[in-house]
Enquirer: 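Okay, here's the structure, questions in a sec.
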Amino acid sequence: INEVLLFENKSKQEKTKIIDKLLKNPKIKNDWLNYNREIKNMIQFTKVCYRLQTPVIDDKISGGDLDLYKIFLERTLQLLKHDGYMGYVIPNGLEIDLNCTDLRKHIINSTKINSFYDFENRNPTIFENVHPEFRLIILIIQNTGVGTNSFSAAFHKNDPARLREISREALDYPVNIIPKFSPDTYTIINFNNEKEVILAKKIYKHHLMTDDVNEKEWQVKWQNEFH
């Protein structure tokens with residue numbers, strides 16, 4: 001069944017009616033139940049075999065939805081021999097997504113990152129079926145078993161044909177600022193140049209992080225606004 005054609009321009013109520021009608025067919029209902037059972041088994045299998053998919057943040061499991069690119073990345077890390085190299089073009093969620101916390105920590109602490117280049121899918125468009133503003137990462141690492149002090153990084157670039165130039169102009173990204181700026185999630189903050197890194201260091205050195213602020217002492221209360 002083509003889901004797009006079946007539910008195109010349909011309201012939620014109309015979709016529900018269509019689904020209810022389909023599930024009255026015994027074969028369709030049986031196939032649907034089997035499909036759901038298979039998905040649940042696959043999720044359970046993935047959680048057992050891939051331990052870097054469900055990080056624990058503030059004593060809470062923050063796995064979220066499973067993404068194939070994260071599973072493929074972890075599987076490659078499992079298979080990669082000692083001192084072996086791996087190259088991937090993956091979504092830039094690896095930089096900031098909460099679900100990628102354990103993958104980031106492993107890559108930062110247990111591999112040598114040779115290059116970490118973030119670029120947009122435009123000027124020119126590389127992947128025709130992907131939105132032009134979607135960002136990707138060219139990641140090359142070596143499975144050394146230990147981390148490294150810094151790595152070559154560039155952010156918000158375009159035109160992969162300029163990779164040689166990007167490499168020459170890339171920032172030497174200091175690894176020690178990652179746990180300092182983002183101790184829980186190891187978020188990789190985007191910097192354009194070394195001046196921005198120096199400025200960020202000064203800010204973090206002379207000012208408290210929000211996690212260090214005592215709400216009672218400072219008489220503040222944190223609250224989420226609309227996203």
Side-chain angles (χ1 to χ4, degrees), residues 50-58 62-77 80 85-121 126 130 133-158 160 162-163 166-205 207 209-212 227:
Y50 301 99
R51 301 305 180 100
L52 301 180
Q53 306 295 318
T54 51
V56 178
I57 310 294
D58 293 331
S62 306
D65 295 331
L66 292 172
D67 285 306
L68 284 176
Y69 85 87
K70 294 190 299 177
I71 297 171
F72 270 92
L73 180 56
E74 183 173 351
R75 183 56 176 159
T76 303
L77 291 168
L80 195 60
Y85 287 87
M86 178 204 80
Y88 252 130
V89 177
I90 57 176
N92 80 313
L94 182 64
E95 298 172 16
I96 60 173
D97 281 1
L98 187 65
N99 299 344
C100 289
T101 296
D102 286 348
L103 280 169
R104 277 193 299 273
K105 288 182 177 180
H106 179 85
I107 290 171
I108 290 166
N109 295 326
S110 302
T111 74
K112 177 183 178 183
I113 304 174
N114 286 15
S115 61
F116 194 102
Y117 300 149
D118 166 320
F119 69 96
E120 296 176 334
N121 185 41
I126 306 301
V130 177
E133 293 185 4
F134 189 83
R135 287 164 55 197
L136 300 151
I137 298 169
I138 298 176
L139 174 69
I140 300 177
I141 65 172
Q142 183 181 10
N143 188 27
T144 56
V146 293
T148 186
N149 294 326
S150 63
F151 57 89
S152 179
F155 302 96
H156 299 277
K157 301 298 181 181
N158 50 45
R162 294 182 57 253
L163 271 178
I166 293 172
S167 179
R168 286 193 294 268
E169 300 167 358
L171 168 70
D172 188 31
Y173 200 109
V175 169
N176 63 355
I177 68 173
I178 297 173
K180 185 179 295 184
F181 292 175
S182 184
D184 293 328
T185 62
Y186 273 49
T187 298
I188 299 175
I189 299 174
N190 293 182
F191 295 110
N192 292 314
N193 50 57
E194 190 176 353
K195 288 183 179 179
E196 292 184 359
V197 176
I198 294 172
L199 178 60
K201 283 182 177 179
K202 288 182 178 179
I203 293 172
Y204 277 84
K205 181 179 180 181
H207 299 278
M209 296 178 66
T210 54
D211 288 345
D212 298 326
H227 295 290

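Just so it is clear, the structure is predicted and the values come from calculations on it, not from any experiment.
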Enquirer: Where do N92 and I137 come nearest, in terms of heavy atoms and distance?
Expert: CA-CD1, 3.4 Å
Enquirer: Go through the side-chain N and O atoms of S150 and D172 and say whether any donor and acceptor fall under 3.5 Å apart.
Expert: yes
Enquirer: Between F191 and I177, is any pair of side-chain heavy atoms under 4.5 Å apart?
Expert: yes
Enquirer: Start with the C-alpha distance between Y50 and R75, add both sets of side-chain angles, then the distance that settles side-chain contact (heavy atoms from CB on, under 4.5 Å), and finish with yes or no.
Expert: CA-CA 8 Å; Y50 301 99; R75 183 56 176 159; 3.5 Å; yes
Enquirer: Can you measure from CD (Q53) to CG (D67) and round to the nearest 0.5 angstrom?
Expert: 8.5 Å
Enquirer: Output all residues satisfying side chain to side chain donor-acceptor pair (under 3.5 Å) with Y69, sequence neighbours left out; order by chain, then residue number.
Expert: none
Enquirer: My understanding is that only one of I107, I188, N99 makes a side-chain contact (heavy atoms from CB on, under 4.5 Å) with L94; could you say which?
Expert: I107
Enquirer: Establish, from distance only, whether the side-chain atoms of H156 and N190 form a donor-acceptor pair under 3.5 Å.
Expert: yes
Enquirer: Can you name the side-chain contact (heavy atoms from CB on, under 4.5 Å) partners of T101, sequence neighbours left out?
Expert: P55, I57, L98, R104, K105, T185
Enquirer: Under the rule for ring-ring contact (aromatic ring centres under 6.0 Å, His included), what residues qualify as partners of F116, not counting sequence neighbours?
Expert: F151
Enquirer: With the side chain counted from C-beta on, respond yes when Y85 and N143 share a heavy-atom pair under 4.5 Å apart, and no when they do not.
Expert: no
Enquirer: Please round to the nearest 0.5 Å and tell me the distance separating atom CG of L136 and atom CG of D118.
Expert: 8.5 Å
Enquirer: Quick one, V175 and T148 - any side-chain contact, counting heavy atoms below 4.5 Å?
Expert: yes
Enquirer: So do H106 and E74 actually touch side chain to side chain, heavy atoms under 4.5 Å?
Expert: no
Enquirer: Output the distance between atom CZ (F155) and atom CG (L171), rounded to the nearest 0.5 Å.
Expert: 7.0 Å
Enquirer: What pairs with E120 under salt bridge (Lys or Arg N to Asp or Glu O under 4.0 Å), at least two apart in sequence or on another chain?
Expert: R122
Enquirer: Measuring only between side-chain heavy atoms, which start at C-beta, is K70 closer than 4.5 Å to C100?
Expert: yes
Enquirer: Can you name the nearest heavy-atom pair linking I126 to N121, along with the distance?
Expert: N-OD1, 2.9 Å
Enquirer: Could you give all pairs that pass the side-chain hydrogen bond (donor to acceptor under 3.5 Å, both in side chains) test and reach residues 193-204, with sequence neighbours left out?
Expert: N192-E196
Enquirer: So P174 and V197, do their side chains get closer than 4.5 Å, heavy atoms only?
Expert: yes
Enquirer: Sequence neighbours excluded, which residues qualify as salt bridge (Lys or Arg N to Asp or Glu O under 4.0 Å) partners of D102?
Expert: none
Enquirer: Please name the pair of heavy atoms, one in L77 and one in I141, separated by the smallest distance, quoted to 0.1 Å.
Expert: CD2-CD1, 3.6 Å
Enquirer: For residues Y88 and F72, report the shortest heavy-atom separation together with the two atoms involved.
Expert: OH-O, 3.4 Å
Enquirer: Using modelled atom types and a 3.5 Å cut-off, is there a donor and acceptor pairing between side-chain atoms of S182 and backbone atoms of T187?
Expert: yes
Enquirer: I'd like to know if the side chain of Q142 and the backbone of T111 have a donor-acceptor N/O pair within less than 3.5 Å.
Expert: no
Enquirer: Calculate, to the nearest 0.5 Å, the distance between atoms CG and CG belonging to L73 and L68 respectively.
Expert: 12.5 Å
Enquirer: Check for a donor-acceptor pair, side chain of T144 on one end and backbone N or O of V146 on the other, with a separation under 3.5 Å.
Expert: yes
Enquirer: Would you give the length of the straight line joining atom OH of Y173 to atom CD1 of I108, rounded to the nearest 0.5 angstrom?
Expert: 8.0 Å
Enquirer: Report the distance from atom CZ of F181 to atom CD1 of I189, rounding to the nearest 0.5 Å.
Expert: 6.0 Å
